[in-house]
Amino acid sequence: MSEHRRNDRFSSFGFIMSAIGSAVGLGNMWKFPYVTGTYGGAAFFLLFMVCLLLVGLPVLLAELAVGRGGRGNAASSLTKISGNKGWGALGFLSVAGSFFIMSFYGVVAGWTLHYALLSFTGKLFRTSDYTGLFSNFMNSLTPIGWQLVVMLVTALVLIRGVSEGIERFNKFIIPALVVLLLLLAFHALSLEGAMEGVSFFLKPDFSKLTAESALVALGQAFFSMSLGMGTMVTYGAYVQKSQSLGAATLSVGVGNALYALLAGLIIFPTIFVFGIAPTEGPGLIFVALPAAFSAMPWGAFFGGLFFVLLAFAAITSAVSILEVPVAYASERFGWNRPTTVVTVSLLCFIAGVPSALSLGIGSSVLELGGKSLFDWIDFVCSNIVLPVSGLVITLFAGYAWKGAAAEAGLTAFWIKIWLFMLRFVAPLLVLLVLLYYAGVIRI
Ligand code: PHE
């Protein structure tokens, strides 16, 4: 690691903002609503919260501790702590995973920018066929143009480094997002008939839950907290020794949960008021929400705000995802930051193009077994790489690394609880998810 990188650290507040910026993203606003809609509404939301508490928080703390303890990248931190290259090789899985997550995350982030522009210019409301609009967009080359914009902005932030780039960007964007979010939530809740959406989202009906809901809730907790992708290990390496990791974990957990809550309070009332089913799948916010915005007063304005909010939330996450391979490559190959950022962003952009095409022009070739390449990468990364890497971290911090408790710096009481979660609860639950997706267990 070069001398410059070694001393490039987050300030305490800057770190909290950046970690929240990483957690809060498309997961909260694009994935969370349709997953909640599909897997049981309020009852699912409750399960999601339980997963955040039992698995999300302990694993987040473990990742931060590993990063700060090893002061390397998502792979080398494990090697540096344990002196064993095998752990580093396992950690590399998350580096590869983050590269591929970013390849399609950049594509979806690009869609949100496109929709923000369509909304502000009023073009979004010149049609009533939102399914057609979305599929025409998918069947053009425009998504690739927007994906390029996302990669460029992300690279511009990363090229400036940790405190000048990542921290500065997040310190500016996150407070702005909170204001936008509150504004949109107040507005959505004031719509006539909003309460039906609120009760779908917040009044649990446990009969709607299936065993699959629990597994999806856990996967969603991982994705939403940016776990299992090396992101928090990488960010952890830039945290100062004086910062309390326990307090940071709690702030990020609460911030992320509140954000998901508010996002739900915007999306469910809005779609219920306009009589749309919340189980639309990935197109939910691009198909259902524009229809809703088009029917409300000031729809262009609120719709535009919503998509801008989404785009910025996505870019703060994109920054954290791309930093994982950037940190890895610069340490591994000894490249300086600008060279690394440009190379990695370019490669990641190229890797994302087939994903983007697989949902449109290239859909007939870029598919396997009825699933597009895009869906495959999402599926493999979110449901396999994330939990496996999460498992690696829990086992590493729970069993292999004796200094974990000291690095985490909790009180004796909390250390006991944390280690119990890391050693038994989290690995067991994660294993269940994996076996389920591997087809070993059927429920
Ligand atoms: N947490 C981000 C979101 O909710 C996505 C993400 C996943 C970021 C994994 C980093 C690592 O959108």
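Counting starts at 1 for both ligands and their atoms, in listed order.
Inspection of the Ser320 and Ser22 side chains reveals an N or O donor paired with an N or O acceptor under 3.5 Å. For the residue pair Glu323/Tyr238, the side-chain donor-acceptor check at 3.5 Å is satisfied. Side-chain contact, Asn256 with Ser224: a donor N or O sits under 3.5 Å from an acceptor N or O.
Heavy-atom minimum distance, Ala62 versus Ile393: CB-CG2, 3.8 Å. Across all non-hydrogen atoms, the minimal contact from Met138 to Pro143 is CA-CG, 4.4 Å.
Listed by atom number, the atoms of ligand 1 under 4.0 Å from Thr231 heavy atoms are 10 (C), 11 (C). In summary, the atoms of ligand 1 found under 4.0 Å from a heavy atom of Asn28, numbered by their order in the structure, are 4 (O). Close approach of ligand 1 to Ser224 is summarised as follows: ligand atoms under 4.0 Å from at least one heavy atom of the residue are 1 (N), 4 (O). Near Met229, meaning under 4.0 Å from one of its heavy atoms, ligand 1 places the atoms 9 (C), 11 (C).
When the heavy-atom distances from atom 12 (O) of ligand 1 to Tyr105, Phe222, Tyr259 are ranked, the shortest goes to Tyr105.
Residue Ile321 has no N or O atom closer than 3.5 Å to an N or O atom of ligand 1. At a 3.5 angstrom cut-off on N or O pairs, Leu227 does not count as close to ligand 1. In terms of polar-atom proximity, defined here as any N/O pair under 3.5 Å, Met225 makes no such contact with ligand 1. Geometrically, ligand 1 and Ala23 share a nitrogen or oxygen pair separated by less than 3.5 Å.
Sequence neighbours left out, the pairs with a member in residues 60-70 that pass side chain to side chain donor-acceptor pair (under 3.5 Å) are Arg68-Glu407.
The six-membered or imidazole ring of Phe48 lies near that of Phe32, with a centre-to-centre distance under 6.0 Å.
Residue contacts with ligand 1 do not include Trp30, since none of its heavy atoms lies under 4.0 Å from the ligand.
Note: Phe302 and His187 have parallel aromatic rings, judged against thresholds of 30 and 60 degrees for the angle between ring planes.
At a 4.0 Å heavy-atom cut-off, ligand 1 touches Ser226 through backbone and side chain alike.
Looking from atom 7 (C) of ligand 1 to the surrounding protein, the closest heavy atom is Phe223 O, 3.5 Å.
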